[in-house]
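Heads up: the structure comes next, in structure tokens.
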Amino acid sequence: MENWEDDQSPVVSNVTFGNAANSWNSGSQHNSFKSMTYDEESSWKSDSSGFGTQGGNRGRGSRGGGGGFRSFNSGYDNHGNAEVDRAISWNGGRDGFIGRGGRGRGGRGGFRNSFNSGDENDSHDSFKSGRGGRGGRGGRGAFQQGSDGEGRRHLGGGGGYRGRDEEVFSKGSQKGDKEKGDGETAGPKVNYVPPPPPEEVDSIFSQYATGINFDKYDDILVDVSGSDPPKAIMTFEEAQLCETLNRNVAKSGYVKPTPVQKHGIPIISAGRDLMACAQTGSGKTAAFLLPILQRLMNDGAAASKFSEVQEPEVIIVAPTRELINQIYLEARKFAYGTCVRPVVVYGGTSTGFAIREVLKGCNVLCGTPGRLLDVIGRGKVGLSKILYLVLDEADRMLDMGFEPDMRKLVNSPGMPPKEERQTLMFSATYPEDIQRLAADLLKVDYLFLAVGVVGGACSDVEQHIIQVTQYSKREQLLDLLKATGTERTMVFVETKRSADFIATFLCQEKVPTTSIHGDREQREREKALSDFRTGRCPVLVATSVAARGLDIEHVQHVVNFDLPKSIDEYVHRIGRTGRCGNTGKAVSFFDPAPDTPLARSLVKVLSGAQQEVPSWLEEIAFSAHGTTGFNPHGNVFASCDSRRGGSFMKNQAPQPPAQSTTAEADEDWE
Ligand SMILES: Nc1ncnc2c1ncn2[C@@H]1O[C@H](COP(=O)(O)OP(=O)(O)OP(=O)(O)O)[C@@H](O)[C@H]1O
């Protein structure tokens, strides 16, 4: 049996972490949690005990088995996944999954169960604990197994495997020796199999309604630099898509192309390499997918069929799991009814499952870098037929976090050299140093497409900056959310720990909230996103892992509870609202102590998007002017193609080399 095959089954009886697990997580103990208070539907309305504030009996699951809190859950979902509510593990004291071994320690425990959903099936009483849930420091946490009254296996899944080492080594070249080679770092195999994508036509083509400002896209200045650019198209008919693609475009509700599509589609169709920059939410995904799919149709791409080695024509990479999944769903939508088969692979899911999906047939392989390299490294994907390499969020893909992976990818055996493939890069931001790096992967005559100001914020987002002190933030957030009511709001914070903390706080204040960050299991991340999408939890507290690309309808508000370190990150974050011609609102808490270095860039972004600039912010920006190091990475936004030689921030102190813009050095992006 090949290495990747041994995680085909969700049964994990051979996986053990921490010794203490079984001792407290027997089936019967499982039942004992039934008595705990948890009103599943109205969990966020429950009293504070429901949030586990009483939880965390000290030291249970100790002696190296601290991760034991994860055993609250049981059974499997419809996809054969272990039904694990790791809620408690992430909210109830992160220590529990840091997996250091040693004694258990009291955690806050449990509150997550009471606000963050429980499980899809929700029939497992084990979820319904409103208390308890303790993060033990012990062990690599508490994989549990047993059976409940119905004979199902249950496992307290995964506790602890995302240990501290993994966080550190989970990104890019930093994976180092810890990399196990399965797209995950050292630790147990990940058994999570994501739910299958929708099959119903209505769901596949569910649309994001365009907003009142959609037609204003036409007024944005567009600049194409490089030699001999092809003429822009004005309509989708001019794109000369085949009948099926045209039908899919129409079914998606697209009537007229956005500027990045008007210019990008003919550039790609003409076979040119492209670095494209257009504001958030303005349709970059379709700008690359449609011409690529058309080429595959023209070439008569081989219908996908099973083979031990797949040779896709297209590779698309993006920095986060949720984003690459979204791109995959878009590809699947536009390819509907054709023989082109897109497949997605990303971390946090079963490698065996991913490989089996690839082997069924794969024309368009979408992936996060680590998992992609893993699948390629296992010899399951040959690269010699690659026609297109697409980097979405290209500036992120080429910063210090991912650049080594990108280099590995382009230097992988069989990958056609840049002269023989088409390389396409898309983002809303392109720091100049990254542009120069990016040029390395592109043909010399690549075109640079700028829709509006490179790195500029979407002008459909009303931006407000409020001066605060660190200790007033929580109350201000609460006031804000009370005013917005049930409107969908993303609240960005800087660290995973604060994401947990703020989510807990909001739940205690009876605001239905969920959260997404790199310490959460993939199943939890997807559940959180789905709860947010459906409105079950209209507030999503997120780290920067959710800053880029996510296209969630009805997000009316973005709150920067903590401002990011980089202005580019700010632009992406606030771009989760005001998409596709809709309007949105972003409120940012500015605490002068940590945020002063961002002041000047903020002023520029605000004024560039015709927003009111508070006079106090101008003053701070002015007094910060000239200080060295005020402008950390990301604050350079070029007004144009770097080949023309310049950003409009030329007077800045020299910039540090491109580096990861992640909120936390250890954020798990992929
Ligand atoms: N021509 C169009 N007509 C109508 N809707 C469109 C059109 N093009 C794209 N959309 C929709 O607009 C939304 C935003 O598109 P997309 O996610 O591709 O934006 P983006 O530019 O990639 O944003 P980001 O920079 O945040 O990644 C999507 O829901 C998409 O389906």
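Only a predicted model underlies this, so the values are computations on that prediction, with no experimental measurement involved. Counting convention: from 1, in listed order, for ligands and their atoms alike. Counting begins at 1 with the first residue of the sequence.
The protein atom (non-hydrogen) at minimum distance from atom 8 (N) of ligand 1 is Gln261 NE2, 2.8 Å. Shortest contact from atom 25 (O) of ligand 1 to any protein heavy atom: Lys284 NZ, 2.6 Å. When only non-hydrogen protein atoms are considered, atom 12 (O) of ligand 1 lies nearest to Cys580 SG, 3.1 Å. Residue, atom and distance of the protein heavy atom nearest to atom 13 (C) of ligand 1 are Asp551 OD1, 3.5 Å. Counting protein heavy atoms only, atom 23 (O) of ligand 1 is closest to Gly281 N, 2.8 Å.
Using a 30° and 60° split on the angle between ring planes, Phe288 and Phe426 fall in the tilted class, from 30° to 60°.
A centroid separation of 6.0 Å or more is found between the aromatic rings of Phe492 and Tyr570.
Atom CD of Glu612 has 12 or fewer neighbouring heavy atoms from other residues, nucleotides or ligands inside a 6.0 Å radius. The environment of Lys231 atom NZ is sparse: at most 12 non-hydrogen atoms of other residues, nucleotides or ligands sit within 6.0 angstrom. Heavy atoms from other residues, nucleotides or ligands lying under 6.0 Å from CD of Gln240 number 12 at most.
The closest side-chain donor-acceptor pair between Arg548 and His572 falls under 3.5 angstrom. Donor-acceptor pairing under 3.5 Å is recorded for the side chains of Asn363 and Glu313. In this structure, a donor-acceptor pair under 3.5 Å is absent between the side chains of Thr577 and Arg579. Side-chain contact, Glu526 with Tyr192: a donor N or O sits under 3.5 Å from an acceptor N or O. A donor and an acceptor atom, one from each side chain of Thr484 and Glu487, are nowhere located under 3.5 Å apart. Judged by distance alone, the side chains of Ser544 and Arg573 do bring a donor and an acceptor atom under 3.5 Å apart.
For ligand 1, the atoms sitting less than 4.0 Å from at least one non-hydrogen atom of Gln279 are 21 (O), numbered in the order shown with element in parentheses. Taking every heavy atom of Arg576 and a limit of under 4.0 angstrom, the matching atoms of ligand 1 come to 26 (O). Interface of Glu393 with ligand 1, defined as ligand atoms under 4.0 Å from a residue heavy atom, comprises 27 (O). Atoms of ligand 1 lying under 4.0 Å from any heavy atom of Thr285, numbered from 1 in the order shown and given with element: 16 (P), 17 (O), 18 (O), 22 (O). Annotation for ligand 1: atoms under 4.0 Å from non-hydrogen atoms of Lys256 are 1 (N), 2 (C), 3 (N). Close approach of ligand 1 to Thr210 is summarised as follows: ligand atoms under 4.0 Å from at least one heavy atom of the residue are 4 (C), 5 (N).
Residue contacts with ligand 1, taken as heavy atom pairs separated by less than 4.0 Å, involve Arg579 solely via side-chain atoms from C-beta onward. At a 4.0 Å heavy-atom cut-off, ligand 1 does not touch Phe205 at all. Proximity of His572 to ligand 1, defined as any heavy-atom pair under 4.0 Å, is not found for any part of the residue. Neither the backbone nor the side chain of Arg548 has any atom closer than 4.0 Å to an atom of ligand 1 (non-hydrogen atoms only).
Checking only distances, Thr280 never comes within under 3.5 Å of ligand 1, N or O to N or O. Considering both main-chain and side-chain atoms, Gly283 comes within under 3.5 Å of ligand 1 through a nitrogen or oxygen pair. On a distance-only criterion, Gln326 and ligand 1 share no N/O pair closer than 3.5 Å. Inclusion of Ala428 in the set of residues having an N or O under 3.5 Å from an N or O of ligand 1 is not warranted.
At least one heavy atom of Ser282 sits under 4.0 Å from some atom of ligand 1. Using a 4.0 angstrom heavy-atom cutoff, Gly575 does not count as in contact with ligand 1.
Using a 4.5 Å heavy-atom cutoff, the side chains of Ser269 and Ile265 are in contact.
Once rounded to the nearest 0.5 Å, the distance linking NZ of Lys284 with CG of Leu289 reads 13.0 Å.
Here the shortest heavy-atom distance to atom 30 (C) of ligand 1, taken over Phe426, Tyr254, Tyr208, belongs to Tyr254.
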